[in-house]
Amino acid sequence: MDPRNINIEEYDYELPGERIARHPLAVRDSCKLLCRDASGRVADRLFSDLPSMLAPDTMLVYNNTRVINARLRFTKSTGALIEIFCLEPYAPADYAQSFASTSTCGWNCLIGNSKRWKDGHLLMPLVIGGRSLTLKAEWPEPVQGAQSQRVVFSWDEPSVSFSDIIAAVGEIPIPPYLNRRSEESDSEDYQTVFSHIEGSVAAPTAGLHFTPELLEKLDALGVERREVTLHVGAGTFRPVKCDRIGDHDMHSEFIAVERSFIEDLAKAAGRRPVVAVGTTSVRTLESLYHIGVRVMDGCWDGELPQWAPYDRAGQWPSAQEALEALADYLRERGDDTLMARTRIIIAPGYDYRVVKAMITNFHQPASTLLLLVSAFIGPQWRDVYSHALDSGYRFLSYGDACYFC
């Protein structure tokens, strides 16, 4: 099956607005957990039951990315409000270096009310840690019709980093489908308890259900917890506007994975259950396999193309072979960490290579994330979602969870 021929209407369903969770539950792991096993049987559990469902030799992989306060609101002298939504850095392109910048940095951004920002620069007087400074935003080369624009930020206090600035005056970018402004509680609610690498503009929401106490239980059982980094971009919310999936341009996202983890993953492949927490972890793990394949084929160039999993001729290598090839490639280069970009689209017709089970939330109708789920559990996704709607499950980012194996 070639996913390029899929009609997105086949993955639409009716989601009443009242079923979208606007806020999380007070206790994260008290949410519902819909479990679907390999035989297709569905059961209703609680997320706190998860430790009893995982084998002791499970490798549980989660995304350690942290959501940044990506929305900056500037007010012009005319009173016009200009919103700048920081998507990803370009000067310097390295996330850590950009956050550590102490005078200037450039970001690809979405600009709200851009018609009111025709020329010149925007200024925002600030006081951070008792130090006064002025943040300047410049839009040096407006590109008509472009989805994002390059904005240069600069400030006049070298003891303050860009990370300090956005932490002090930025707003957490909650999903647009919540239909509300960010609230103070979102600064904590919209972060996983294991987030520590800044860079996302959206949370890996399946991880929001974990608590420190639940992680301790998993550790006590012997479950191996491992981290990967995928900085979630705004493209994760971008709807599929074309009828045919082959006409959809998948967004690119940054991943960073330690070589030591890739080596351990190669040893685990096919021998131990690898459980991905969230679709971002799924994309990362499956991307590692296909990056390894491209290394073996001598065509790896730093970004995994959207259709790479479907276009290769000949026999596919095993997960162990591809991951070992990737680890060897990094070792030969003297790299301890793989830093790459992935545009991979996972849709029906995809053959999962690494992930044996996944924990995820309920996704928007006619979305690429729903395609990813359908690629894993097949046409039964519609029965699963119908069961959830009939059983009072809460949907989307702050909603309930699923466990598919």
Side-chain angles (χ1 to χ4, degrees), residues 65-126 133-156 160-177 181-182 198-203 230-242 248-255 302-303 306 341-343 368:
T65 189
R66 185 167 182 81
V67 184
I68 63 172
N69 289 3
R71 294 186 190 274
L72 297 170
R73 300 180 190 272
F74 289 80
T75 303
K76 295 187 66 176
S77 57
T78 60
L81 180 65
I82 310 295
E83 179 183 292
I84 301 178
F85 189 156
C86 298
L87 297 177
E88 61 180 8
Y90 73 87
D94 181 85
Y95 281 84
Q97 291 179 18
S98 185
F99 290 128
S101 298
T102 56
S103 59
T104 184
C105 59
W107 280 67
N108 292 313
C109 303
L110 301 178
I111 302 175
N113 202 17
S114 60
K115 292 181 180 179
R116 297 294 184 92
W117 186 15
K118 295 180 179 179
D119 51 32
H121 53 258
L122 304 175
L123 298 176
M124 184 190 301
L126 303 172
L133 64 142
T134 299
L135 176 65
K136 179 192 291 187
E138 298 175 277
W139 186 8
E141 297 179 6
V143 180
Q144 298 298 323
Q147 190 168 28
S148 63
Q149 302 284 344
R150 288 191 163 187
V151 174
V152 176
F153 298 101
S154 58
W155 55 102
D156 53 1
V160 174
S161 68
F162 189 64
S163 180
D164 295 331
I165 291 172
I166 61 173
V169 299
E171 295 180 17
I172 203 85
I174 60 173
Y177 48 66
R181 289 281 296 270
S182 298
E198 290 185 311
S200 279
V201 299
L230 181 146
H231 289 323
V232 190
T236 192
F237 300 123
R238 194 172 74 206
V240 179
K241 295 183 178 180
C242 44
H248 178 71
D249 184 25
M250 197 67 177
H251 58 285
S252 176
E253 291 175 317
F254 171 87
I255 62 174
E303 180 171 271
Q306 176 170 340
R341 302 195 68 87
T342 180
R343 301 181 67 91
T368 57

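The figures here come from the full heavy-atom set of this structure, side chains too, leaving out hydrogens, waters and symmetry mates.
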Undergrad: Would you please name every residue forming a side chain to side chain donor-acceptor pair (under 3.5 Å) with Asp156, sequence neighbours left out?
TA: none
Undergrad: May I ask you to test the Leu87-Leu110 pair for a side-chain heavy-atom distance under 4.5 Å?
TA: yes
Undergrad: Please lay out, stage by stage, how Leu230 and Thr65 fare under the test side chain to side chain contact (heavy atoms under 4.5 Å, CB included).
TA: CA-CA 6 Å; Leu230 181 146; Thr65 189; over 6 Å; no
Undergrad: Between atom OG of Ser182 and atom CD1 of Ile174, what is the distance when rounded to the nearest 0.5 Å?
TA: 4.0 Å
Undergrad: Which atom pair, heavy atoms only, marks the closest approach of Tyr95 to Pro89?
TA: CE2-CD, 3.5 Å
Undergrad: Supply the atom-to-atom distance Phe74 CZ to Met124 CE, rounded to the nearest 0.5 angstrom.
TA: 4.0 Å
Undergrad: Mind checking whether Thr102 and Val160 have side chains closer than 4.5 Å, heavy atoms only?
TA: no
Undergrad: Please report the interatomic distance OG(Ser148) to CD(Glu88), rounded to the nearest 0.5 Å.
TA: 7.5 Å
Undergrad: If you round to the nearest 0.5 Å, how far is OG of Ser200 from CD of Glu253?
TA: 7.5 Å
Undergrad: Can you name the side-chain contact (heavy atoms from CB on, under 4.5 Å) partners of Ser114, sequence neighbours left out?
TA: Ile111, Trp139
Undergrad: Quick check: do Ile82 and Leu72 have side-chain heavy atoms less than 4.5 Å from each other?
TA: no
Undergrad: Kindly say whether Glu198 contributes a backbone atom to a donor-acceptor pair with the side chain of His231 at under 3.5 angstrom?
TA: yes
Undergrad: Begin from the C-alpha positions of Cys109 and Gln149 and carry the test side chain to side chain contact (heavy atoms under 4.5 Å, CB included) through to its verdict.
TA: CA-CA 5 Å; Cys109 303; Gln149 302 284 344; 5.7 Å; no
Undergrad: Kindly write out the residues that satisfy side-chain contact (heavy atoms from CB on, under 4.5 Å) with Arg71, not counting sequence neighbours, or none if the list is empty.
TA: Arg73, Glu83, Phe85, Glu171, Pro173
Undergrad: Under a 4.5 Å cut-off applied to non-hydrogen side-chain atoms, are Ser161 and Ser101 in contact?
TA: no
Undergrad: Please assess Leu135 against Leu123 for the test side chain to side chain contact (heavy atoms under 4.5 Å, CB included), listing each intermediate value before the final yes or no.
TA: CA-CA 6 Å; Leu135 176 65; Leu123 298 176; over 6 Å; no
Undergrad: List the residues meeting side-chain contact (heavy atoms from CB on, under 4.5 Å) with Thr75, not counting sequence neighbours, and say none if there are none.
TA: Leu81
Undergrad: Return the CZ to CE distance between Arg343 and Met250, rounded to the nearest 0.5 Å.
TA: 9.0 Å
Undergrad: Within this structure, what is the SG-CG distance for the pair Cys105 and Asp94, rounded to the nearest 0.5 Å?
TA: 12.0 Å
Undergrad: Should Glu138 and Arg150 count as an ion pair when the cut-off is N to O under 4.0 Å?
TA: no
Undergrad: Apply side chain to side chain contact (heavy atoms under 4.5 Å, CB included) to residues Leu126 and Ile165 and explain how you reach the verdict.
TA: CA-CA 9 Å; Leu126 303 172; Ile165 291 172; 4.1 Å; yes
Undergrad: Side-chain contact test, heavy atoms from C-beta onward, threshold under 4.5 Å: evaluate it for Val201 versus Val67 and give yes or no.
TA: no
Undergrad: List in chain and number order the residues that pass ring pair (Phe, Tyr, Trp, His ring centres under 6.0 Å) with Phe162, two or more places apart in sequence or in another chain; answer none if no residue qualifies.
TA: Trp107, Phe153, Trp155
Undergrad: How would you list, by chain and number, every residue that makes a ring pair (Phe, Tyr, Trp, His ring centres under 6.0 Å) with Tyr90, sequence neighbours excluded?
TA: none
Undergrad: For the CZ atom on Arg341, are there more than 12 heavy atoms of other groups (residues, nucleotides or ligands in this structure) within a distance under 6.0 Å?
TA: yes
Undergrad: Are Thr342 and Glu303 close enough that a side-chain donor and a side-chain acceptor fall under 3.5 Å?
TA: no
Undergrad: Can you confirm whether Leu122 sits close enough to Lys76 that some side-chain heavy atom of one is under 4.5 Å from a side-chain heavy atom of the other?
TA: yes
